[in-house]
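To start, the structure itself, in structure tokens.
Position 1 is the first residue of the sequence, and the numbers go up from there.
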Amino acid sequence: MPSFDTILEADLVEVKNAVDQVAREVGTRFDFKGTSAGIELKDKEITLFGDADFQLQQVEEVLRNKLAKRNVDVRFLDVGKVEKIGGDKVKQVVKVRNGIATEDGKKIQQAIKGSKLKLQGAIQGDAVRVTGSKRDDLQQAMVLIREALKDLPLSFNNFRD
């Protein structure tokens with residue numbers, strides 16, 4: 001039976017490279033001299049530091065530009081709230097999405113069921129496997145899934161015939 005997996009996975013190597021580039025740029029830019037502006041990456045969380053909300057926005061903008069130049073979709077970023085830390089400094093945690101959440105997996109299954117195509121969708125951990133009898137139906141399902149969940153940068157792999 002033909003099948004494929006729908007996944008949500010950022011290229012973490014490119015994300016790390018982009019964060020390193022942002023750290024270098026923040027260190028050399030004139031408007032960040034003498035401030036606590038900075039960025040660090042731990043696992044799948046990027047932490048932005050600054051003296052004010054405006055600085056955090058600038059660092060985030062630089063991060064988005066660097067990610068875009070490295071062909072990493074910025075929809076992978078899940079921006080958190082601005083938190084105050086000691087003194088007048090602030091930080092913001094940006095999570096890198098990895099894996100399809102359960103509710104998004106259910107949306108994919110419902111989109112497949114509602115399409116009247118002879119396909120099945122099964123949630124397998126952080127991926128959704130779609131199986132069917134015809135290869136053309138699977139290709140239509142890919143288009144359908146992309147349209148149903150436009151806010152997620154989904155990709156498809158393990159296409160089997």
Side-chain angles (χ1 to χ4, degrees), residues 1-27 37-50 53 55-85 90-115 117 119-132 135 137-161:
M1 267 282 296
S3 68
F4 67 86
D5 290 341
T6 305
I7 59 170
L8 179 70
E9 196 172 279
D11 186 357
L12 294 177
V13 173
E14 292 295 336
V15 171
K16 182 182 183 307
N17 290 339
V19 169
D20 290 344
Q21 284 183 338
V22 172
R24 256 182 279 144
E25 184 170 329
V26 166
I39 186 170
E40 71 178 30
L41 174 70
K42 283 187 181 174
D43 294 328
K44 294 174 185 159
E45 286 187 352
I46 302 169
T47 309
L48 310 175
F49 298 100
D53 291 351
Q55 251 184 6
L56 287 181
Q57 290 173 352
Q58 286 182 321
V59 174
E60 183 184 342
E61 184 178 317
V62 173
L63 175 65
R64 288 180 184 273
N65 288 337
K66 297 295 181 187
L67 287 172
K69 284 182 182 176
R70 296 193 146 282
N71 294 325
V72 177
D73 199 327
V74 293
R75 294 179 292 177
F76 281 114
L77 300 180
D78 189 15
V79 181
K81 293 182 181 177
V82 176
E83 304 168 15
K84 291 204 181 267
I85 54 177
V90 291
K91 78 173 186 174
Q92 186 174 27
V93 176
V94 179
K95 293 183 180 175
V96 180
R97 292 184 191 172
N98 218 3
I100 297 175
T102 307
E103 67 245 9
D104 293 330
K106 289 180 181 177
K107 286 180 188 175
I108 292 172
Q109 282 182 319
Q110 289 173 351
I112 290 169
K113 285 181 184 176
S115 69
L117 294 172
L119 300 171
Q120 285 95 27
I123 298 174
Q124 294 182 338
D126 56 355
V128 177
R129 175 158 290 166
V130 180
T131 57
R135 193 173 179 177
D137 288 348
L138 291 177
Q139 290 173 342
Q140 288 176 351
M142 288 180 185
V143 172
L144 183 77
I145 291 170
R146 283 225 168 99
E147 288 177 2
L149 296 164
K150 289 184 180 180
D151 58 331
L152 296 177
L154 297 171
S155 57
F156 308 102
N157 67 0
N158 291 342
F159 194 91
R160 296 200 171 96
D161 219 356

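- Annotation: side chain of Phe76 is not in contact with side chain of Lys44 (no heavy-atom distance under 4.5 Å).
- The CG atom of Leu119 sits 12.0 Å away from atom NZ of Lys113, with the distance rounded to the nearest 0.5 Å.
- With rounding to the nearest 0.5 Å, the separation of OG1 in Thr131 from CD in Gln120 is 4.5 Å.
- What you find for Ile123 and Gly105 is that their closest heavy atoms are CD1-C, 3.9 Å.
- The nearest pair of heavy atoms linking Ser3 to Leu138 is N-CD1, 3.6 Å.
- Look at Asp20 and Arg24 and you find no salt bridge, because none of the NZ, NE, NH1 or NH2 atoms lies under 4.0 Å from a carboxylate O.
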Practice item. Evaluate side chain to side chain contact (heavy atoms under 4.5 Å, CB included) for Ile39 paired with Val62, printing each intermediate quantity in order. Key: CA-CA 11 Å; Ile39 186 170; Val62 173; over 6 Å; no

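- By the 30° and 60° cut-offs, the orientation of the rings of Phe159 relative to Phe4 is parallel.
- Annotation for Val19 and Glu40: closest pair CG1-C, 4.4 Å, computed over non-hydrogen atoms.
- Shown here for Leu56 and Val82, the closest heavy-atom pair between the two residues is CD1-CG1, 3.7 Å.
- At least one side-chain heavy atom of Arg64 sits under 4.5 Å from a side-chain heavy atom of Glu60.
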Practice item. Carefully, step by step, assess Leu117 and Ile112 under the rule side chain to side chain contact (heavy atoms under 4.5 Å, CB included). Key: CA-CA 7 Å; Leu117 294 172; Ile112 290 169; 5.9 Å; no

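- Residue Asn157 qualifies as enclosed at atom CG: its count of foreign heavy atoms under 6.0 Å is above 12.
- Side-chain contact between Leu8 and Asp126 is absent, with no heavy atoms from C-beta onward closer than 4.5 Å.
- Paired with Asp5 under the rule side chain to side chain donor-acceptor pair (under 3.5 Å), one option of Arg160, Arg129, Gln124 passes, and it is Arg129.
- Remark: side-chain polar atoms of Arg75 are paired, donor with acceptor, to backbone N or O of Lys150 under 3.5 angstrom.
- Between Leu12 and Val96, the shortest heavy-atom distance links the atoms CD2-CG1, 4.2 Å.
- By the ring pair (Phe, Tyr, Trp, His ring centres under 6.0 Å) test, Phe49 is found to be paired with no residue, residues two or more places apart in sequence or in another chain being considered.
- Among Leu149, Leu152, Val130, the one residue that satisfies the side-chain contact (heavy atoms from CB on, under 4.5 Å) test with Thr6 is Val130.
- Residue pairs meeting the side chain to side chain donor-acceptor pair (under 3.5 Å) criterion with at least one member in residues 92-109, sequence neighbours excluded, do not occur.
- Atom NZ of Lys84 is separated from atom NZ of Lys91 by 14.0 Å, given to the nearest 0.5 angstrom.
- Within the model, atoms CD1 of Ile100 and CD of Glu9 stand 10.5 Å from one another, a figure rounded to the nearest 0.5 Å.
- Atom CG of residue Leu154 and atom CG of residue Asp73 lie 10.0 Å apart, to the nearest 0.5 angstrom.
- Applying the ring pair (Phe, Tyr, Trp, His ring centres under 6.0 Å) test to every pair with at least one member in residues 56-75, sequence neighbours left out, gives no pairs at all.
- Heavy-atom contacts from other residues, nucleotides or ligands closer than 6.0 Å to CZ of Arg70 number more than 12.
- Atom-to-atom distance recorded for Ser155:OG and Met142:CE is 10.0 Å, nearest 0.5 angstrom.
- Residues Asp11 and Val72 share a closest heavy-atom pair of O-CG2, 4.5 Å.
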